[in-house]
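Remarks on the structure that follows.
Fair warning: this is a prediction, and the values are worked out from it, not measured in the lab. In what follows, chains carry the letters A, B, and so on, assigned in the order in which the sequence lines appear, proteins first and then strands, with residues in each chain numbered from 1. Because only heavy atoms are used, hydrogens play no part in the values below, and waters and symmetry mates are left out as well, while side chains stay in.
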There are 2 protein chains.
Amino acid sequence: MSPSRYHHGDLKAALVDGAIELIAERGVRGFSLAEVSRRAGVTVSAPYRHFADRDELLAAVGVRAVSAFQQALTAEIEAADSPEQRAAAMIRGYVIFAVEQRALFEVLFGANLDKSRFPELRQAWEPVDDLLEGGIRALCPGDEDAATVLGDALEAIAHGHAMLLLDGSYGDAPGTVQHVAARAANAALALIAGRAALTPGSGPAMPSPAEPVPGP
Amino acid sequence: MSPSRYHHGDLKAALVDGAIELIAERGVRGFSLAEVSRRAGVTVSAPYRHFADRDELLAAVGVRAVSAFQQALTAEIEAADSPEQRAAAMIRGYVIFAVEQRALFEVLFGANLDKSRFPELRQAWEPVDDLLEGGIRALCPGDEDAATVLGDALEAIAHGHAMLLLDGSYGDAPGTVQHVAARAANAALALIAGRAALTPGSGPAMPSPAEPVPGP
DNA sequence: GTCTATATCCCGATAGAC
DNA sequence: GTCTATCGGGATATAGAC
């Protein structure tokens with residue numbers, strides 16, 4: 001069955017798939033190039049034909065993760081019919097993605113990849129940025145600063161719920177994911193309803209140093 | 001002079017201190033018993049006289065972290081004079097603590113300690129939980145469920161801002177920490193102002209959770 | 001209570017054979 | 001493109017000397 005020399009069909013793709021599986025099992029911390037190689041049935045040196053080092057493989061996973069994230073958010077948005085509902089749907093999709101694609105989510109926000117080294121990663125984020133930012137802007141027509149502040153707060157709501165959910169802070173009873181996602185969406189609606197309190201000083205006293213959308 | 005040996009000193013405390021320093025430099029991921037031992041000036045086997053294993057030292061750091069967290073939140077609360085301001089102050093303290101005591105914060109939320117193994121950790125959390133949930137209850141007199149939902153949402157706001165801030169999503173310009181903490185507090189106030197949308201089913205009938213709101 | 005020494009395991013990365 | 005072999009590093013943890 002095994003010839004003395006064995007050429008893999010598409011090792012590069014197999015390594016990315018294996019990395020996702022491994023991260024799903026052990027988290028980003030438990031990821032290692034060696035273990036991924038083992039699972040792909042190749043020696044630890046084989047991956048270096050396709051990736052310069054460990055981080056380059058992680059970055060490839062990251063690109064796929066951003067794409068999946070974008071797809072998930074887009075799917076959620078399509079079912080909504082008002083700016084408010086669209087924002088709530090995005091928050092809901094954000095939380096659900098974190099759980100259902102936990103490995104990808106961990107790579108997105110926990111891999112600490114060097115963005116300057118992997119410009120394709122930063123580039124992959126752009127459509128997601130547009131998606132999030134554009135959805136929020138509809139809530140604050142003609143007020144860019146307000147949209148940025150509101151967008152950051154909404155994202156923090158999504159991210160906070162997602163992280164605490166992944167940490168197990170909400171327990172693991174059946175239905176918890178949908179429950180928490182729904183509550184995150186409701187929190188988003190509550191924040192939108194009370195958003196007048198977001199900018200206490202009516203003027204734009206504090207220009208934001210923040211980037212509109214995250215990306216590790 | 002700092003002693004290079006702890007033969008007759010308090011190695012246990014020195015290890016906890018060193019662990020915090022190390023985590024502050026390299027994060028929880030970069031923590032290792034070996035490196036902490038090196039920094040304390042003892043061999044890698046010495047800590048095993050005081051801690052059964054690596055996680056037991058981390059748990060000791062965790063207990064100290066919870067205590068410091070509680071202290072930070074309490075200090076913020078004391079300066080507030082209304083339930084809303086108290087909640088906002090807690091969120092602000094939460095975010096600032098995450099940055100100023102980053103190592104402790106990482107242990108609290110990123111060490112993934114087995115709480116069933118370290119009941120003292122779970123016990124240490126109880127006063128903090130009471131602080132967070134109790135402060136919220138004043139906003140929802142006589143409605144425990146609403147208080148829980150609101151409390152979880154507020155905590156998610158704090159946690160989301162803190163995590164994104166630590167991840168560098170908001171950049172590192174001077175003043176960013178105070179700025180983000182203030183925005184998190186404002187988001188808390190906005191959420192409180194619009195909290196009717198948090199419980200779409202039980203509150204006064206609202207046809208749509210978020211109907212058009214007067215713009216800025 | 002700490003040290004020396006050791007066992008065992010993991011990792012990332014490279015050189016050269018085929 | 002993959003393998004074999006290897007280097008250099010680090011980790012946790014234990015046994016026994018002092």
Side-chain angles (χ1 to χ4, degrees), chain A residues 1-23 25-62 106-107 110-114 117-118, chain B residues 1-23 25-62 106-107 110-114 117-118:
Chain A
M1 171 144 182
S2 60
S4 59
R5 294 190 210 161
Y6 169 63
H7 277 227
H8 200 286
D10 191 352
L11 180 57
K12 189 164 182 173
L15 289 171
V16 173
D17 290 341
I20 294 173
E21 282 181 25
L22 177 58
I23 295 169
E25 290 178 22
R26 305 189 192 175
V28 205
R29 308 168 168 189
F31 166 80
S32 81
L33 206 49
E35 178 64 21
V36 173
S37 305
R38 244 170 263 130
R39 293 177 177 221
V42 297
T43 61
V44 295
S45 64
Y48 289 92
R49 273 298 142 182
H50 305 277
F51 301 100
D53 55 23
R54 175 201 142 99
D55 274 8
E56 209 169 281
L57 171 52
L58 265 185
V61 176
E106 283 192 30
V107 173
N112 216 15
L113 289 167
D114 184 355
R117 197 190 148 188
F118 305 106
Chain B
M1 285 292 293
S2 60
S4 60
R5 302 272 166 124
Y6 288 87
H7 283 257
H8 303 287
D10 193 352
L11 178 58
K12 188 165 183 173
L15 290 172
V16 173
D17 290 341
I20 294 174
E21 281 180 27
L22 176 58
I23 294 169
E25 289 177 23
R26 306 189 191 172
V28 206
R29 304 169 172 189
F31 165 81
S32 82
L33 206 48
E35 178 64 20
V36 174
S37 306
R38 246 170 261 129
R39 293 178 177 219
V42 298
T43 61
V44 295
S45 64
Y48 289 91
R49 188 58 55 173
H50 304 278
F51 301 99
D53 56 23
R54 175 201 143 101
D55 274 10
E56 208 169 284
L57 171 52
L58 266 185
V61 176
E106 283 192 30
V107 173
N112 216 14
L113 289 168
D114 184 356
R117 194 189 151 190
F118 305 106

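In this structure, the CG atom of B:Leu15 is 12 Å from the P atom of D:dT12, given to the nearest Å. Atoms CZ (A:Phe31) and C1' (C:dC10) sit 14 Å apart, rounded to a whole Å. A straight line from OH of B:Tyr48 to C1' of C:dC3 spans 15 Å, rounded to a whole angstrom. Residue A:Asp55 contributes atom CG, which lies 14 Å from atom C1' of C:dC11 at whole-angstrom precision. Between the CG atom of B:Leu57 and the P atom of D:dT12 there is a distance of 10 Å, given to the nearest Å. Nucleotide C:dT14 holds its P atom 11 Å from the CG atom of A:Leu33, rounded to whole Å. Rounding to whole angstrom units, CZ of residue B:Arg29 and P of C:dC11 are separated by 17 Å. A straight line from NE2 of B:His50 to P of D:dA13 spans 16 Å, rounded to a whole angstrom.
Distance from the side chain of B:Thr43 is smallest for C:dT4 among the nucleotides D:dT2, C:dT4, C:dA13. You'll find that the side chain of B:Arg54 is closest to D:dT12, out of C:dG1, D:dT12, D:dC3. Across C:dC3, D:dC3, C:dC11, the shortest atom-to-atom separation from the side chain of A:Ser32 is found for C:dC11. The side chain of A:Leu11 lies closest to D:dT2, out of C:dC11, D:dT2, C:dG12. When distances are taken from the side chain of A:Asp53 to each of C:dG1, C:dC11, C:dA13, the shortest belongs to C:dA13. With distances taken from any side-chain atom of A:Glu35 to the nucleotides C:dC3, D:dA13, C:dC11, the minimum falls on C:dC11.
In this structure, B:Arg117 pairs ionically with B:Glu56, as a charged nitrogen and a carboxylate oxygen lie closer than 4.0 Å.
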query = So A:Phe51 and A:Val16, side-chain contact (heavy atoms from CB on, under 4.5 Å) or not? Walk me through it.
reply = CA-CA 11 Å; A:Phe51 301 100; A:Val16 173; 4.2 Å; yes
request  = Start with the C-alpha distance between B:Val107 and B:Phe31, add both sets of side-chain angles, then the distance that settles side-chain contact (heavy atoms from CB on, under 4.5 Å), and finish with yes or no.
outcome  = CA-CA 10 Å; B:Val107 173; B:Phe31 165 81; over 6 Å; no
request  = Could you please spell out the steps behind the side-chain contact (heavy atoms from CB on, under 4.5 Å) verdict for A:Ile20 and A:Val61?
outcome  = CA-CA 7 Å; A:Ile20 294 173; A:Val61 176; 3.8 Å; yes
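A close approach under 4.0 Å does occur between a side-chain nitrogen or oxygen of B:Arg38 and OP1 or OP2 of D:dA11. Taking 4.0 angstrom as the limit, B:Arg49 places none of its side-chain polar atoms (N or O) nearer than this to OP1 or OP2 of C:dT2.
The two residues A:Asp55 and A:Leu113 have their closest heavy-atom pair at O-CD2, 3.9 Å.
Not a single donor-acceptor pair, N or O on each side, falls under 3.5 Å between the base of C:dT2 and the side chain of B:Ser45.
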